[in-house]
Amino acid sequence: MDVLKDKQLKYELYDNKGFVILQDCMPRMLDAKKQTADYAIAAMARVSYGNIELKSDEDDKKLINRLVEMHHTSPLEGVQFKFVMQIPIYVARQLIRHRTAKVNEYSMRYSKAIDDFYFPPLRTQDKVNKQQSVELKSANNDIVTSYKNACQKSQNLIKEYNDLISKDCAREVARSILPVAEMTKLVWCMDAHNLFKFLKLRCDRSTAQKEIVDLADAIFNLITPIIPVTCEAVKKYWINSATFSTDEMNILCKTIDTLPAIMAIKKSEELNERQKTALLIKLKLSDKAKMLLSH
Ligand SMILES: Cc1cc2nc3c(=O)[nH]c(=O)nc-3n(C[C@H](O)[C@H](O)[C@H](O)COP(=O)(O)OP(=O)(O)OC[C@H]3O[C@@H](n4cnc5c(N)ncnc54)[C@H](O)[C@@H]3O)c2cc1C
């Protein structure tokens with residue numbers, strides 16, 4: 001069976017001026033007994049024990065959760081995705097920093113510039129967080145008019161570009177007058193491990209720019225039906241998790257009221273015994289737990 005069959009393969013983005021398509025993936029053809037490509041990750045991991053037979057979906061789920069929890073990530077690199085996308089150049093510049101991708105970009109040396117731009121909705125600079133912008137709350141006509149006029153001027157540059165081309169200006173020279181809101185096209189390939197690193201960073205609305213978050217969300221939606229169990233595990237252990245610095249850990253450990261915290265962990269139904277012990281060790285509560293619970 002083809003793993004891409006009956007799946008949503010395209011998301012429109014940037015007011016329909018851009019898109020992302022899941023063009024291909026590996027493995028593409030599924031083993032007859034399997035519905036999704038999750039099994040390929042579990043099967044790759046089982047080689048560690050010399051095992052090459054397929055196991056049940058339930059066994060695969062347990063193993064994948066354990067792999068993700070323990071950051072045993074190389075089996076995730078056995079699954080690969082190929083996307084085709086049309087995005088503004090300023091988003092592509094951020095995307096290109098994810099160096100483990102294999103990329104080929106539309107060339108404005110060989111082809112004429114794409115006659116489309118995406119100017120994001122006007123936002124103002126966050127006063128506290130340099131990485132953030134904020135929605136325009138009150139209608140500040142001055143900035144609205146300035147932005148609208150500037151976008152129009154930028155967009156008009158395509159006419160001057162076309163004029164230069166018609167006068168035999170080289171495409172590689174003429175392109176230099178165009179703004180970063182100009183659309184570009186990319187083929188972008190990544191393995192699941194590095195793709196999840198990308199998604200953890202770029203689905204984060206508190207740090208990443210909205211326009212790359214929109215792309216990252218669409219990519220997450222495209223791969224979820226292909227490796228649903230892995231995506232769920234990644235959300236649980238990586239995307240929705242947080243790390244703490246030494247100072248933060250010290251504050252946390254000091255603040256936690258020992259007995260209620262230990263009891264809450266011991267009684268929790270979300271964690272198994274191994275995970276409870278690991279959490280007590282992380283919170284430096286394991287010695288106290290042994291002492292209190294032995295009485
Ligand atoms: C909010 C935010 C703001 C950012 N601001 C800027 C900025 O202002 N300027 C800027 O240039 N970038 C910026 N970046 C990009 C950032 O510095 C990283 O380059 C980008 O997030 C890619 O992360 P990565 O290295 O984990 O991914 P990848 O490049 O895909 O690498 C994946 C993993 O492979 C390994 N790896 C890859 N390359 C190497 C290498 N050369 N050496 C050793 N290990 C490697 C690392 O383990 C890495 O985590 C920003 C990113 C975010 C999320």
Side-chain angles (χ1 to χ4, degrees), residues 11 13-14 18 20-26 37 40-41 44-45 48 64 67-106 118-135 179-182 184-224 226-227 230-231 233-246 248:
Y11 276 84
L13 294 162
Y14 315 118
V20 55
I21 295 171
L22 174 56
Q23 191 186 49
D24 210 344
C25 68
M26 203 278 287
I41 292 170
M44 193 155 158
S48 300
I64 287 169
L67 295 173
V68 174
E69 184 187 357
M70 299 296 169
H71 291 264
H72 176 14
T73 46
S74 42
L76 274 66
E77 289 165 27
V79 168
Q80 314 222 4
F81 296 99
K82 186 198 276 183
F83 302 93
V84 180
M85 52 185 87
Q86 177 161 310
I87 56 179
I89 289 173
Y90 59 85
V91 176
R93 279 169 66 171
Q94 298 185 334
L95 193 67
I96 227 74
R97 296 299 295 118
H98 298 268
R99 298 153 292 171
T100 42
K102 313 281 182 282
V103 186
N104 196 45
E105 186 177 2
Y106 184 83
Y118 180 68
F119 299 99
L122 179 55
R123 304 184 291 265
T124 54
Q125 188 62 47
D126 190 315
K127 297 282 180 291
V128 185
N129 184 347
K130 281 190 189 158
Q131 285 180 323
Q132 275 302 302
S133 58
V134 283
E135 302 285 324
V180 289
E182 159 75 14
T184 186
K185 274 199 185 88
L186 302 162
V187 175
W188 193 76
C189 312
M190 231 195 213
D191 65 71
H193 173 206
N194 286 296
L195 186 57
F196 285 127
K197 283 192 174 177
F198 162 77
L199 292 169
K200 164 107 179 138
L201 292 170
R202 301 297 187 174
C203 288
D204 184 349
R205 284 180 190 273
S206 67
T207 53
Q209 177 171 345
K210 182 189 178 298
E211 285 66 35
I212 198 163
V213 175
D214 290 346
L215 174 67
D217 283 348
I219 289 176
F220 211 129
N221 288 337
L222 286 169
I223 66 163
T224 297
I226 314 294
I227 44 171
T230 314
C231 286
V234 164
K235 271 193 184 154
K236 183 171 172 182
Y237 291 109
W238 297 349
I239 305 233
N240 297 335
S241 73
T243 50
F244 297 98
S245 68
T246 309
E248 288 168 338

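Remember, it's 1-based here, ligands and their atoms both numbered in the order they're listed.
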| Which pairs pass ring pair (Phe, Tyr, Trp, His ring centres under 6.0 Å) with one or both residues in residues 67-92, sequence neighbours excluded? | His71-Trp238
| said: Tell me the protein heavy atom at minimum distance from atom 32 (C) of ligand 1, and give that distance in Å. | reply: Asn194 OD1, 3.2 Å
| query | From atom 43 (C) of ligand 1, is the closest protein heavy-atom distance below 4.0 Å? | reply | no
| request: Can you see which heavy atom on Ile227 is nearest to which on Val79, and at what distance? | output: CG2-CG1, 4.4 Å
| query | Nearest protein heavy atom to atom 29 (O) of ligand 1, by residue and atom, and its distance? | reply | Arg99 N, 2.6 Å
| Okay, side chain of Gln125, backbone of Lys130: is any donor-acceptor separation there less than 3.5 Å? | yes
| task | Considering only protein heavy atoms, determine whether one is less than 4.0 Å from atom 7 (C) of ligand 1. | result | no
| Other residues, nucleotides, ligands: >12 heavy atoms within 6.0 Å of Asn104 CG | no
| said: Please check this pair: side chain of Glu211 against backbone of Phe119, looking for a donor-acceptor N/O pair closer than 3.5 Å. | reply: no
| message | Checking contacts now, so for atom 51 (C) of ligand 1, which I'm interested in, is there any protein heavy atom under 4.0 Å? | response | yes
| query | For atom 17 (O) of ligand 1, what is the nearest protein heavy atom, given as residue, atom name and distance? | reply | Arg97 NH2, 4.5 Å
| said: Can you report which non-hydrogen protein atom sits closest to atom 30 (O) of ligand 1, along with the distance? | reply: Thr100 OG1, 2.5 Å
| said: With a 4.0 Å cut-off on heavy atoms, is Arg202 in contact with ligand 1? | reply: yes
| Which atom names give the shortest non-hydrogen contact between Leu76 and Ala192, and what distance separates them? | O-CB, 3.2 Å
| task | Using heavy-atom distances, let me know which of Arg93, Gln209, Lys197, Gln131 sits nearest atom 3 (C) of ligand 1. | result | Gln131
| field | Nearest protein heavy atom with distance in Å, relative to atom 27 (O) of ligand 1 | value | His98 ND1, 3.9 Å
| query | Short list, please: which atoms of ligand 1 are under 4.0 Å from a heavy atom of Leu201? | reply | 21 (O), 23 (O), 53 (C)
| query | Does the side chain of Ser241 reach to within under 4.5 Å of the side chain of Lys200, using non-hydrogen atoms? | reply | yes
| Residue pairs passing the salt bridge (charged side-chain N to carboxylate O under 4.0 Å, His left out) test where at least one lies in residues 76-99, sequence neighbours excluded | none
